[in-house]
Amino acid sequence: MTNSKPEDINHKSVVLTDPGYQKLITALNKKFPQGYVIQQIAAEANIHRTTFTRILERKLGVLFQKIDNLFSYLDIDLEYLDVKSPNNTTQTPNNNKTKSDPKLEELRDSLLQLNYKKQCKLLEDFRERENNCSRGAFLIQGEAKKGQRWLVNRLVKQNFPYVYKTDNMIPILPHHTKEKDFHIDEVWKQLGEKLGLKKATSEKCVDAAFRRWQSGSLIVTFYADNIYKEIPKLINDFWIPLEKKVDSYTDEEIEYYLLVFLIDSNNCATQWELEIVDSDNPNNWHPQKLISLPKIDNFGNNYKEILSWCTLHRNLLGCPENSSTRVKDVAKQIWDNSQGVPEDTFHQICQIVSKGKLSWSQFEAALEYKL
């Protein structure tokens, strides 16, 4: 231990700061370039395996002395600035309107009841099926403005809420460059940065993702907007080797999830030379094959589905209890201005609830998506 510190810090509960965490990951990668076994490190560092996991997750406090033991085992110094109080680990930005405005919290909860029932049901079936496989790759398809990002965050948050609160959520978002498309190396670079790599290749990304998975469930989302030509390489060079590596891991105590979501907003999946299995037949589901969720459609062919939702949430929309005519008028207004396109529908609802002060894009920004 270096730098001055309070005499009783050894008995305080702390978590790693960002520099401290990076120092730890760098040391682990250096000492174990081929991957590490949590139990082995924990035993040799004289800490419990769950303590090691807590240190990596940085969500719950760990005694300073335990982190010092781990750092000493890795031959690195633990400095006072490498740790902080666990009370500071969860940041709540002041601009997160959904956390400060009960009306917007109600709006968020109400939107969770609008459409996407088929997709939600499939992921529930995957999570609850008898063989309980914890690995899967999913394809979310639909044209632009179908609410793909809203959906994938909704699916994960509802089915794996404990994972959604961790740092093991990795979104690889679309690149906005002058070129229409870009090379797979750019994907490895962005993925590598999220995994703590300075120089990334597919092999290094697989190894780093495996090590991250050893600390807790790992969920990665790729938005295929301008990498659709590279998706087969992404599956063949990253997902399949990673899935095989996890599958061959023999620690029966680990029951973490490993999931990948591919978001196709341009209906390009038919161009990929990949085996994609339909969601209707669970017997064909396999961790190394893309499971296609039902394609996202508009909200019906007329305003009836929206009318049902409006009736259920009439108070939120400012409709009197005894006025069915007013509810129908609001539903028809939403439909006429959106034609059932999901994101346009959400926008109309946001405008009505906020009296024109909130757009769908502003509401999404306040949600602080993890994926």
Legend entry - Chi angles and distances behind the side chain to side chain contact (heavy atoms under 4.5 Å, CB included) call for I263, R149: CA-CA 8 Å; I263 314 300; R149 195 172 189 192; over 6 Å; no
Whether the side chain of [X] engages the backbone of [Y] through a donor-acceptor N/O pair (distance < 3.5 Å, no angle test) should be reported.
X: E230; Y: I184; value: yes
X: S134; Y: Y256; value: yes
X: N302; Y: K304; value: yes
X: Y73; Y: E44; value: no
X: S265; Y: E143; value: no
X: Q362; Y: S359; value: yes
X: T51; Y: V62; value: no
X: K157; Y: Y369; value: no
X: K370; Y: T166; value: yes

Inset, instruction - Using a strict 4.0 Å threshold on nitrogen-to-oxygen distance, state whether D207 and K245 make a salt bridge. - result: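 So D207 pairs with K245 through a salt bridge.
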Inset, instruction - Report the C-alpha distance between L78 and F64 in whole Å, list the side-chain angles of each, state the deciding distance to 0.1 Å, and finish with yes or no for side chain to side chain contact (heavy atoms under 4.5 Å, CB included). - result: CA-CA 9 Å; L78 177 62; F64 181 93; 3.6 Å; yes
Group every Ile, Leu, Val, Met, Phe, Trp and Tyr by side-chain heavy-atom contacts under 4.5 Å, then state whether [X] and [Y] land in the same group.
X: L112; Y: I352; answer: yes
X: L197; Y: W213; answer: no
X: V341; Y: L114; answer: no
X: F32; Y: L24; answer: yes
X: L155; Y: L367; answer: yes

Is it the case that over 12 heavy atoms from other parts of the model lie below 6.0 angstrom from the [atom1] atom of [X]?
X: D109; atom1: CG; answer: yes
X: K355; atom1: NZ; answer: no
X: K31; atom1: NZ; answer: yes
X: E275; atom1: CD; answer: no
X: K194; atom1: NZ; answer: yes

Which distance, rounded to the nearest 0.5 Å, do you find between the [atom1] of [X] and the [atom2] of [Y]?
X: N69; Y: N46; atom1: CG; atom2: CG; answer: 6.0 Å
X: D297; Y: K118; atom1: CG; atom2: NZ; answer: 6.5 Å
X: R58; Y: D167; atom1: CZ; atom2: CG; answer: 5.5 Å
X: H347; Y: I334; atom1: NE2; atom2: CD1; answer: 11.5 Å
X: W335; Y: Q348; atom1: CH2; atom2: CD; answer: 12.5 Å
X: I172; Y: E193; atom1: CD1; atom2: CD; answer: 9.0 Å

If you compare all heavy atoms of [X] against all heavy atoms of [Y], which two are closest, and at what distance to 0.1 Å?
X: A209; Y: L218; value: O-CD2, 3.5 Å
X: A208; Y: L195; value: CB-CB, 3.9 Å
X: G20; Y: F71; value: O-CZ, 3.7 Å
X: N168; Y: S217; value: CB-O, 2.9 Å
X: E243; Y: L258; value: CA-CD2, 4.4 Å
X: S292; Y: Q141; value: OG-NE2, 2.9 Å

Do the non-hydrogen side-chain atoms of [X] and [Y] ever get within less than 4.5 Å of each other?
X: L234; Y: L262; answer: yes
X: L317; Y: V353; answer: yes
X: L16; Y: V83; answer: yes
X: Q119; Y: I140; answer: no
X: Y257; Y: N159; answer: no
X: I41; Y: L70; answer: yes
X: L123; Y: Q158; answer: no
X: N153; Y: Y164; answer: yes

Legend entry - Ring centers of F363, F346 separated by less than 6.0 Å: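 That pair fails the under 6.0 Å test.
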Inset, instruction - Answer yes if the ring centres of W309 and F299 are under 6.0 angstrom apart, and no otherwise. - result: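 When the ring centroids of W309 and F299 are compared, they turn out to be at least 6.0 Å apart.
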Inset, instruction - Applying side chain to side chain contact (heavy atoms under 4.5 Å, CB included), run through N236 and L274 and close with a yes or a no. - result: CA-CA 9 Å; N236 293 324; L274 293 170; 4.2 Å; yes
Inset, instruction - Decide whether a cation-pi geometry holds between R154 and Y116; the criteria are a distance under 6.0 Å from NZ or CZ to the six-membered ring centre and an angle within 45° of the ring axis. - result: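 Checked: cation-pi criterion not met.
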Inset, instruction - For the residue pair F238 and F222, categorise the inter-ring angle as parallel (less than 30°), tilted (30 to 60°) or perpendicular (more than 60°). - result: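 Because their plane-to-plane angle is over 60°, the rings of F238 and F222 count as perpendicular.
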Inset, instruction - Determine the interplanar angle of the W285 and F126 rings, folded into 0 to 90°, and report it as parallel if under 30°, tilted if 30 to 60°, perpendicular if over 60°. - result: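 Plane angle between 30° and 60°, so tilted.
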Legend entry - Test item: side-chain donor near acceptor, N298 and K146, under 3.5 Å: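 Their side chains do contain a donor-acceptor pair, which is all the 3.5 Å distance test asks for.
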Inset, instruction - Would you please say whether a donor-acceptor pair under 3.5 Å links the side chains of Q22 and D18? - result: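 Looking only at side-chain atoms, D18 and Q22 do not form any donor-acceptor pair under 3.5 Å.
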Legend entry - Sequence-distant partners of N301, side chain to side chain donor-acceptor pair (under 3.5 Å), two or more places apart: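 Scan of N301 (side chain to side chain donor-acceptor pair (under 3.5 Å), adjacent residues dropped) gives none.
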Legend entry - Residue pairs involving residues 329-353 (criterion salt bridge (charged side-chain N to carboxylate O under 4.0 Å, His left out); sequence neighbours excluded):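 Those involving residues 329-353 are K145-D344, K332-D336.
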Legend entry - Working for side chain to side chain contact (heavy atoms under 4.5 Å, CB included), residues L312 and Q113: CA-CA 10 Å; L312 185 62; Q113 301 176 43; 3.3 Å; yes
